[in-house]
Amino acid sequence: RGTPYGRRHVTLGEGREVDQNAKFWNWTYSTLARNDCPAIVAKVLHETGAERINYVGWSRGTNQAFIAMQDPALKAYFERHINIATMIAPVTYSKHTSS
């Protein structure tokens, strides 16, 4: 979310329309973990035709994976489809952020 690659949303619109939609920006790390992380993995599996992939999490991507793996169903999904997860520069503090 927030990148050129994430500016198309199934129900909230595209481009400027989605940028200006408050619902698009109303998310938490848990939301990203539950929704975005498994969707990204599923998209890569679909596009590549692979049954298993390697996951590289960078910054927020590490948080998404760590939080998702706390959910038993998502953890089982990742165990089925991810060979190895490499976490680079995990976010450990969010002190200087605001909502």
Side-chain angles (χ1 to χ4, degrees):
R1 295 186 190 214
T3 72
Y5 305 106
R7 294 182 70 215
R8 286 182 292 177
H9 193 276
V10 175
T11 60
L12 300 177
E14 295 188 18
R16 280 185 128 358
E17 182 182 358
V18 77
D19 284 345
Q20 296 171 357
N21 190 323
K23 289 181 182 178
F24 181 75
W25 299 105
N26 186 20
W27 54 265
T28 65
Y29 284 121
S30 293
T31 304
L32 296 176
R34 281 191 319 274
N35 301 325
D36 294 19
C37 197
I40 292 165
V41 171
K43 177 70 171 173
V44 172
L45 292 169
H46 174 76
E47 291 294 324
T48 63
E51 291 182 24
R52 296 176 65 86
I53 60 172
N54 297 330
Y55 182 96
V56 178
W58 173 266
S59 191
R60 189 173 74 196
T62 65
N63 284 28
Q64 289 176 216
F66 288 145
I67 294 168
M69 287 186 239
Q70 299 302 309
D71 178 294
L74 290 177
K75 183 178 181 201
Y77 176 77
F78 290 144
E79 287 173 345
R80 280 193 312 277
H81 296 295
I82 295 177
N83 293 315
I84 188 169
T86 303
M87 305 304 182
I88 302 169
V91 176
T92 55
Y93 297 99
S94 296
K95 181 179 179 179
H96 300 290
T97 60
S98 62
S99 47

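Since this is a predicted model, take the numbers as computed values, not measurements. Throughout, residue positions are numbered sequentially from 1 according to the sequence presented.
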Joint cluster assignment, I82 & L45, ILVMFWY side-chain distance < 4.5 Å: yes
Measure the CD1-CZ distance between I84 and R52 for me, rounded to the nearest 0.5 Å. 11.0 Å
Please examine the side chains of H81 and Y55, heavy atoms only from C-beta on, and report whether any two atoms are closer than 4.5 Å. no
Any side-chain heavy atom of M87 within less than 4.5 Å of one from W58? no
Tell me the closest heavy-atom pair linking G57 and T62, and the distance in Å. O-CG2, 3.3 Å
With the side chain counted from C-beta on, respond yes when V41 and Y77 share a heavy-atom pair under 4.5 Å apart, and no when they do not. yes
Looking at W27, I'd like to know if the NZ or CZ of R34 sits under 6.0 Å from its six-membered ring centre while staying within 45 degrees of the ring's axis. no
Option passing side chain to side chain contact (heavy atoms under 4.5 Å, CB included) with T28 (candidates T31, N26, L32): T31
Taking atom CD1 as the centre, does I88 end up with more than 12 heavy-atom neighbours from other residues, nucleotides or ligands that are less than 6.0 angstrom away? yes
Minimal non-hydrogen separation, A33 against P38, with atom names: O-CD, 3.1 Å
Value rounded to 0.5 Å, distance of CG in N35 from CG in L74: 9.0 Å
Quick one: list whatever passes salt bridge (Lys or Arg N to Asp or Glu O under 4.0 Å) with E51, sequence neighbours left out. none
Rounded distance [0.5 Å steps], OG1 in T86 versus CG in N54: 7.0 Å
Within-4.5 Å side-chain heavy-atom neighbours: Q64 and D36: yes
Within the distance-only criterion (no hydrogens, no angle test), does the side chain of T48 pair as donor or acceptor with the backbone N or O of V44 below 3.5 angstrom? yes
Can F66 be reached from F78 by stepping across I, L, V, M, F, W or Y side chains whose heavy atoms are under 4.5 Å apart? yes
